[in-house]
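Hydrogens, waters and symmetry mates play no part in the numbers below; they use all other heavy atoms, side chains included. In what follows, chains are A, B, ... by sequence order, proteins preceding strands, each numbered from 1.
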Amino acid sequence: MDPKPESGADVVRNYVAFWQQISISGEGAAAMARELRAYAAATEDVRATLSPTDQPANFARALTAEWPSDKVSP
Amino acid sequence: VSRTVEEVLDGSLVEQVSRLQSGELAVRDLIEAALTRAERLQPALNCFIMLDRDGALARARALDALPSDRRRKMPLFGAPVAHKDLFAREGRIVTYASRLYAEHRASITATAVKRFDDAGAVDLGTLNLTEFACGPYGLNILVGNTRNPWNLEHVAGGSSSGSAAALAARLVAASMGTDTGGSIRGPSSACGVFGLLPTNGRISRHGVLPLSHSLDNVGVLARSARDIACVLGVVAGEDANDGASSREPVPDYESGISAGLGGLRIGQPVNYYSEHADAAIAAMVAETARVLADLGATIVPLEVPDPRRLDALANILVVAEGSAYHREDIRRHADLYTPAVRDRILFGFSIDAVSYIDALRLRGRELQSYMDAVFTKVDALLVPAMPRAAPRHAEVEAALSGASDLSFSIGKFTRSFNYLGLPALAVPHGRTTLGLPIAFQLVGRPFQEALILRIAYCFEQVVPPRFPPLASPAEPAVPEIA
């Protein structure tokens, strides 16, 4: 690892060099594009219903909520 | 009952600890037997990355010197264990199964490893995995792939491949793995052992290499539900070093495990799962439901939310977070990554920020919807663990060279529960006509691991798991994998 902080120009230069260094085959890129489209399509409807109050923290709250059914079975 | 050391090694963790605590068997003798067996089978199975013979025997001698009262306070006293090589132990090389970190020495000890140590376990070494825990087949260019103890031509699953193979071969009594989309439950199913994905945050991840910090969980693999209950009681609980670890109290997972299934409602989905599983898997789940009903549970057929949308949301998180974590390493050392792993990480750079943020924001609402739709009607859910038995190494290599990432399809029954954060336990049940193990999953409400362990415990009393004969992996006649 290089501990030296990078300047903004370094970051851009390295990012370009990174993509030049990596060769993704045509098939690989196509497979990724297919996956990406599939993700977008699979979640499009539900994402459209998000409200401003839907936040990541709601997940932690839902995990620790006491569900009414918790006490139904032994 | 008097048993040989080899027979004790074949037995459960709970039995091993009982015989060691009583002094009936010396820790050194059991560990020597485990190491000898591991050295014999390692060339065939390739489940270890590093075996620490000297360290394990020194530890065994120290434990043998402890007085009886100290032994009985250690719930894992003398048990041979080893963990996926993602768990740091200070001063020891932790490779993450990567060429990039082949000589990386850890500067800390993972909290969960320390809890194993404090409970008296004996760490035999480090176990193989998919490079950086990134993929379901145990592919590895540092030390080679793990092979399935049931058939060496087949993969052991992944990413916790070495953990599952070492347990099936009775080299260790318990192991920790990690599960981001099925990396414990998949190999557990492939090798025929029990594997628990706990509730999100139940076990500290401090000192464990991340793949996706939102979805990663440390979990436990063992040869019985009771063994998992014992180990979970040791490792679960809050850790100041992992801000995402849960403050929920840790119950005694073993008490009540044999209470039976009377009055319990177990949901069996009527949609999605059976139509996306091999016929043998669907038949196994149906048979499981019959057994559970015979044991007193009420099987409730029900429609569950389609897991494909949850999978899609999980995939956004796992590839984006994985790419963020690996960004610098892959930019500087892309040539040191396995191509299939590298491609998955590169894929994550294509995820836009808006999709990623939405996937996080939806998580709480999706969990609430799932609880309302499922867990207001049932106490646990019964679904298959994997859609098929373990594929052959050659099949996986061919699929990957065709730029088809099978990792998302093989995890289609597991990944949604990582997104929801729910506990899920893989339970082995039977084998295919090719002799390969298959398994079902029991999914519970948040922090109700005790309930799904109880169901699994009752099930295994009437359908005990079977493990592969140990002679075959070492026999030269068994075909070698190129």
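- Side-chain contact between A:P56 and B:R361 is present, with heavy atoms from C-beta onward closer than 4.5 Å.
- Proximity to chain A (any heavy atom under 4.5 Å) is shown, for B:D352, by neither the backbone nor the side chain.
- Among A:A40, A:A57, A:A60, A:A42, the residue with the largest count of heavy-atom pairs under 4.5 Å with chain B is A:A42.
- Proximity to chain A is limited to the backbone of B:Y419, based on heavy atoms less than 4.5 angstrom apart.
- Here the side chain of B:R309 pairs no donor or acceptor atom with the backbone of A:E44 at under 3.5 angstrom.
- For A:T49 and B:R365, the side-chain atoms include at least one donor-acceptor pair closer than 3.5 Å.
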Between A:T43 and B:D358, is the side-chain contact (heavy atoms from CB on, under 4.5 Å) condition met? List the steps. CA-CA 9 Å; A:T43 59; B:D358 281 357; over 6 Å; no
Any chance you could lay out the side-chain contact (heavy atoms from CB on, under 4.5 Å) test for B:L362 and A:D54, step after step, and finish with the verdict? CA-CA 7 Å; B:L362 278 164; A:D54 286 311; 5.5 Å; no
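- Counting only heavy atoms from C-beta outward, the side chains of A:L63 and B:N200 approach each other to under 4.5 Å.
- The two atoms that bring B:G364 and A:A62 nearest to each other are O-CB, 4.0 Å, heavy atoms only.
- For the atom pair CD1 (B:I316) and CZ (A:R47), the distance works out to 5.0 Å, reported to the nearest 0.5 Å.
- Proximity of B:L420 to A:F59: side-chain heavy atoms (C-beta onward) are nowhere separated by under 4.5 Å.
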Please report the C-alpha distance between B:R363 and A:N58 in whole Å, then the side-chain angles of each, then the deciding distance to 0.1 Å, and finally whether the side-chain contact (heavy atoms from CB on, under 4.5 Å) criterion is met. CA-CA 8 Å; B:R363 207 174 175 195; A:N58 292 357; over 6 Å; no
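- Proximity of A:Y39 to B:L313: side-chain heavy atoms (C-beta onward) are nowhere separated by under 4.5 Å.
- Heavy atoms of B:S214 lying under 4.5 Å from chain A are absent altogether.
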